[in-house]
Structures are given as structure tokens and as C-alpha cells.
Amino acid sequence: GQQVEANVPEELVLSSNQELVVFRVIQEALQNIHKHAEASTVTINLQQPQDGPLSVTITDDGKGFDPKRVRQGRTGSSGLVSMRERASTVGGTLKIDSKPGNGTTITLMLPMPKYS
């Protein structure tokens, strides 16, 4: 029931492993939003400056949550933990900004792929 807007550049420079991580993180975020957020709109932005890192931002206008409780393992959210683990497998980071009543923004940062 959510309206989803995706803004994706025409060209991205990613390794196949990074592509999979981006797909899985977005997939998990959308699943969490659908199950928990009670959001009406979701925006997904992918940005990659020339020769720069990839930034994936997923923002919803849902009910939000307390990230500290999740980090302390009080909510049983294995999805957020798995997104962090996936990001780290390709040298990336995942940041979660949320407050109860104010929606959530998840930001995935991935470095430029290294080709040999």
C-alpha cells in the first residue's frame, strides 16, 4: 500500500557483489517498511558522483523507531543486522536514522569497486 519513488542514475559503477548487496539491502528495507513502518511513501535515491562512492538512501514517512533499542537487541530485528553485515562484506557502511513518530532513513555507502 505504499507509494515508492526510485531515483536511479543511468549508469552505476559497481562490482557484481556490490550490485547484490544494494539489491538485498533495498529488498530488506522495503520488507521492513511494509511490515512495520505504516508508511504511505518511500523514496529510494541512488547517487554516485563520477569516480566516487555509491550512496543509497531509503526514506519512509512511517512511524519510526528507536535505533538504540535495535542495536541493544531488544526488538529482535535481524533484518537490520543482516543489512549491516551485507554492507560490510563489500567494504560499505550502513547508517540508520529514525525516531518514533518521524519516519526512517537508511543510508548505504559503498566505495568504488576495485578491479584488478
Side-chain angles (χ1 to χ4, degrees):
Q2 292 93 10
Q3 178 181 344
V4 178
E5 177 184 335
N7 302 301
V8 182
E10 287 187 29
E11 288 193 35
L12 295 171
V13 179
L14 299 170
S15 69
S16 58
N17 288 339
Q18 287 176 319
E19 287 178 6
L20 182 59
V21 166
V22 169
F23 175 79
R24 293 292 185 205
V25 166
I26 292 171
Q27 182 181 44
E28 182 66 35
L30 289 174
Q31 185 173 6
N32 287 346
I33 292 165
H34 177 73
K35 286 169 56 175
H36 306 291
E38 299 175 12
S40 59
T41 59
V42 180
T43 303
I44 303 168
N45 287 307
L46 281 75
Q47 297 179 340
Q48 187 176 44
Q50 189 170 1
D51 299 324
L54 174 70
S55 169
V56 179
T57 305
I58 306 151
T59 304
D60 71 62
D61 65 352
K63 64 182 181 179
F65 63 94
D66 182 353
K68 288 180 185 176
R69 289 178 50 102
V70 171
R71 282 194 298 273
Q72 294 169 352
R74 296 184 187 157
T75 63
S77 178
S78 61
L80 295 175
V81 172
S82 76
M83 285 192 283
R84 280 191 202 281
E85 290 173 354
R86 285 184 187 277
S88 70
T89 65
V90 292
T93 59
L94 189 83
K95 180 180 176 187
I96 301 167
D97 291 315
S98 187
K99 284 185 184 174
N102 288 330
T104 301
T105 298
I106 297 173
T107 304
L108 171 66
M109 296 294 293
L110 298 181
M112 284 293 292
K114 295 179 176 122
Y115 296 104
S116 44

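Because the structure is a prediction, the values reported are computed rather than measured.
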query = Has the side chain of Ser98 got a donor or acceptor atom that lies under 3.5 Å from a matching backbone atom of Phe65?
reply = yes
Gln47 side chain vs Asn7 backbone, donor-acceptor pair below 3.5 Å = no
remark   = Output for pair (Asp60 CG, His34 NE2), nearest 0.5 Å, gives 13.5 Å
task = Check side-chain contact (heavy atoms from CB on, under 4.5 Å) between Thr89 and all other residues, then give those that pass, not counting sequence neighbours.
result = Val21
task = To the nearest 0.5 Å, tell me how far Ile96 CD1 sits from Leu94 CG.
result = 5.0 Å
request  = Going by the side chain to side chain contact (heavy atoms under 4.5 Å, CB included) test, name the single residue among Ile33, Leu30, Thr41 that passes it with Gln2.
outcome  = Ile33
query = Between Ser55 (side chain) and Met109 (backbone), is there a donor-acceptor pair under 3.5 Å?
reply = no
query = Hey, quick one: are Val42 and Val8 part of the same hydrophobic cluster, counting side-chain heavy atoms closer than 4.5 Å, chains of contacts allowed?
reply = yes
ask   = Quick one: CG on Asn17 to CD on Glu19, what's the gap to the nearest 0.5 Å?
value = 9.5 Å
ask   = Under 3.5 Å, side chain of Asp61 to main-chain N/O of Ser40, donor-acceptor pair present?
value = yes
message = On a heavy-atom basis, which atom in Val13 and which in Gln18 lie closest, and how many Å separate them?
response = O-OE1, 4.4 Å
task = Measure the shortest side-chain to side-chain distance between Thr104 and Asn32 over non-hydrogen atoms and say whether it is less than 4.5 angstrom.
result = no
query = Any link between Leu110 and Leu12 through a network of hydrophobic side chains (Ile, Leu, Val, Met, Phe, Trp, Tyr) touching at under 4.5 Å?
reply = yes
